[in-house]
Amino acid sequence: MIDIAQLRQEPDFVKAQLARRGVSASTMDEIITLDGEHRQRLQEAEALRAQVKEISRQVGEANKAGKKDEAEQLRLRSRELGEQESAASEVAAQVNESLRSKLLMVPNLPDPRVPEGKDETENVEISQWWVGQDSGAPFPTFAEHQKKPHWEVGQELGILDLEAGAKLAGSMFALYRGAGARLIRSLGFYALNAHLDAYEEIRPPHFALTETMMSTGHLPKSEDDMYAMERDGLWAIPTAEVPLTSMHRGEILPRENFPIRMTAQTSCFRRESGSAGRDTRGVLRLHEFDKVELFAYCLPEQAEESHADILHRAESLLQGLGLTYRLLELCTGDLGSASARTVDLEVFSPGVDRWLEVSSVSWFRDYQARRANVRYRTEDGSTAFVHTVNGSALAWARIWAALVETYRQADGSVQLPEVLAPFMGNQLTIRS
RNA sequence: GGAGGGGUGACAGAGCGGCCGAAUGUACCGGUCUUGAAAACCGGCGUGGGCUUGCCCACCGUGGGUUCAAAUCCCACCCCCUCCGCCA
């Protein structure tokens with residue numbers, strides 16, 4: 001949530017920043033008007049309530065002094081005011097409700113570094129990496145045998161059974177088997193191990209309360225993309241970001257605790273309602289996939305470093321796997337609504353001949369912390385909202401696809417990179 | 001799922017219709033004392049909101065209700081503990 005106090009103090013600045021991401025000035029004006037009305041109504045209601053309280057106190061005193069008549073008279077007066085008060089409160093609550101629902105839909109202010117752009121086609125490439133790049137090797141060329149899409153490689157080798165996935169749960173659900181299943185398990189193990197020097201491993205619930213989903217900004221805005229279990233009032237998490245961001249919801253944490261860094265691998269559930277028909281083959285877009293997430297609560301002055309650390313770790317994993325990738329600075333049109341700045345990592349996968357998004361490393365400033373009410377104690381003893389940063393490291397289904405495509409050999413087998421040897425039981429060759 | 005007990009400030013723990021936003025203790029911060037520290041003593045010490053910055057309002061698990069007045073009474077729900085049942 002944006003800071004309403006900032007909106008009051010510098011409405012033009014806030015409007016200008018939000019205009020960059022397509023929020024109209026009139027939307028913000030509506031909010032400003034509602035805020036003014038809310039405060040006015042609140043004052044009216046509170047003034048009445050103060051009177052009720054004062055008279056009630058006098059009723060008590062009169063009763064104590066045995067002044068029955070006076071007490072009775074005051075009682076009636078207070079009752080009357082009380083009725084006015086509840087009417088006024090009702091109005092204030094209604095105004096507050098519409099203010100709040102509008103405010104929850106307002107996206108975060110983009111960082112100045114975020115480039116202008118209408119959609120993902122206007123993201124700005126920051127860098128590329130490939131094996132041998134630092135010793136002058138050119139961008140890799142891929143052989144014919146690497147140009148088979150992973151769903152074909154997977155079927156050939158018997159390590160991916162999409163028909164079985166569809167049979168069990170419908171389209172866009174994958175079933176990995178044999179070495180394919182072991183591979184995806186190994187990837188999670190590989191990543192979690194790599195982060196344990198600085199990140200506490202968490203195994204959170206995969207379901208979350210509505211309140212939890214609100215904190216990250218997934219609700220109410222993206223409701224259609226979430227799986228709901230209405231009967232129990234629960235939502236399936238679309239990313240570990242959701243539970244991790246709410247771990248300390250409503251708490252005030254001591255300054256010296258920061259940064260608080262956590263990592264978790266979870267299944268991620270997404271309805272993909274807006275992308276029906278896209279990427280229907282293979283494992284590039286699934287309703288359920290595994291992902292390791294890196295997350296930090298930090299002080300504002302630590303945010304830059306925390307963001308860089310997550311980015312660096314995601315890159316290290318990709319370099320360890322020997323995959324070709326690039327970094328993109330997301331433009332205003334592609335930035336997630338809660339984010340102030342996001343850098344995406346995309347892996348090049350030769351079989352599908354595409355760059356695949358495998359991580360988004362985002363800095364939310366205090367937008368999520370304000371929703372989740374996570375604060376720290378400042379040096380002068382007051383409180384302030386923390387910053388949150390997070391990023392995937394990494395999304396395994398797409399990595400799985402990139403690996404089997406990139407490392408497919410001329411004889412049709414797949415030769416996995418060395419770093420996975422400890423997790424694959426030294427079985428780095430997958431053949432049918 | 002059944003029976004019983006309980007959710008109050010950082011923590012422990014009183015209060016069970018009327019100066020209670022809340023006793024007391026611990027912790028914490030400041031001061032006195034001390035060569036220094038400890039102890040002792042004195043003072044301070046929740047969060048959020050509104051505006052006429054001094055005041056007002058809200059918050060005692062959550063949401064309703066009763067009342068002139070609710071932390072306190074009533075109802076529903078949630079969570080925790082103990083026992084029983086069931087289960088991986």
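Each chain gets a letter, A, B and so on, in the order the sequences are listed, and its residues count up from 1. Note that these values count all heavy atoms, side chains included, but never hydrogens, waters or copies made by symmetry.
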Considering only atom C1', compute the distance from U53(B) to C41(B) and round it to an integer number of Å. 35 Å
Gap in Å between the two P atoms, one belonging to C28(B) and one to C80(B), rounded: 32 Å
What interatomic distance, in whole Å, is found between C1' of A22(B) and the corresponding atom of G9(B)? 9 Å
Whole-Å distance between G48(B) C1' and Leu42(A) CG? 12 Å
If you find the nucleotide of RNA chain B closest to Leu76(A) and the one closest to Ala384(A), which residue's nucleotide is nearer the 5' end? Ala384(A)
Are Asp279(A) and Arg285(A) ion-paired here, with the side-chain N under 4.0 Å from a carboxylate O? yes
Below 4.0 angstrom from OP1 or OP2 of U47(B), is there any side-chain N or O of Arg377(A)? yes
Considering heavy-atom distances to RNA chain B, does Arg79(A) or His38(A) have its closest nucleotide positioned more toward the 5' end? His38(A)
Does the pair Asp197(A)/Arg313(A) count as a salt bridge with the N-to-O cut at 4.0 Å? yes
G25(B) versus A40(B) - spacing of their P atoms, nearest Å: 12 Å
Is any side-chain N of the basic residue among Asp29(A) and Lys15(A) closer than 4.0 Å to the acidic one's carboxylate O? yes
C1'-based separation of C60(B) from C11(B) [nearest Å]: 16 Å
So do the side chains of Gln84(A) and Val52(A) get within less than 4.5 Å of each other, counting heavy atoms only? no
Check whether any side-chain heavy atom of Val414(A) lies under 4.5 Å from a side-chain heavy atom of Thr429(A), and answer yes or no. no
Run the side chain to side chain contact (heavy atoms under 4.5 Å, CB included) check on Leu328(A) and Glu346(A) step by step: do they pass? CA-CA 8 Å; Leu328(A) 298 176; Glu346(A) 294 188 342; 3.4 Å; yes
Salt bridge between Arg185(A) and Asp290(A), side-chain N to carboxylate O under 4.0 Å? no
Here the helical stems involving RNA chain B, each at least 3 consecutive Watson-Crick or G-U pairs closer than 3.5 Å, sorted by first residue number, are B:1-7 with B:78-84, B:10-12 with B:24-26, B:28-32 with B:40-44, B:46-51 with B:54-59, B:61-65 with B:73-77
Using a 4.0 Å heavy-atom cut-off across all strands, classify Arg77(A) as base, sugar-phosphate, or nothing. nothing
Span that lies between the P atom of G61(B) and that of G6(B), in whole angstrom: 14 Å
For C42(B) versus A27(B), give the span between their P atoms, rounded off to a whole number of Å. 15 Å
I'd like to know if Arg398(A) and Glu405(A) make a salt bridge, using a cut-off of under 4.0 Å between side-chain N and carboxylate O. no
Whole-Å gap separating P (C79(B)) and CG (Asp232(A)): 11 Å
Arg41(A)/Glu44(A) salt bridge by N-O under 4.0 Å criterion: yes
Over how many whole Å does the gap from Arg49(A) atom CZ to A70(B) atom C1' extend? 14 Å
Rounding to a whole Å, what distance do you find between Arg41(A):CZ and C51(B):C1'? 17 Å
Nucleotide by nucleotide, 5' to 3', does protein get under 4.0 Å of the base (B), only the sugar-phosphate (S), or neither (-) in nucleotides 16-21 of chain B, counting heavy atoms? --B---
Side-chain contact check for Arg375(A): nearest option of U67(B), A69(B), G48(B) is G48(B)
Could you tell me the separation between the CD atom of Glu211(A) and the P atom of G63(B), rounded to a whole number of Å? 10 Å
Distance in angstrom units between Leu253(A) CG and U47(B) C1', rounded: 14 Å
Would Asp161(A) and Arg177(A) pass as an ion pair if we require N to O under 4.0 Å? yes
Looking at Tyr199(A), I'd like to know if the NZ or CZ of Arg261(A) sits under 6.0 Å from its six-membered ring centre while staying within 45 degrees of the ring's axis. yes
Listed nucleotide nearest any side-chain atom of Arg39(A), set C51(B), G49(B), C57(B): C51(B)
Measure CD/Glu80(A) against P/C68(B) and give the value in whole Å, please. 13 Å
Rounded to whole angstroms, how far apart are CD1 on Ile252(A) and P on C11(B)? 11 Å
If you look at every strand shown and take non-hydrogen atoms under 4.0 Å, does Arg8(A) touch a base, only sugar-phosphate, or nothing? sugar-phosphate
Same-atom distance (C1') from C57(B) to U52(B), integer angstrom: 16 Å
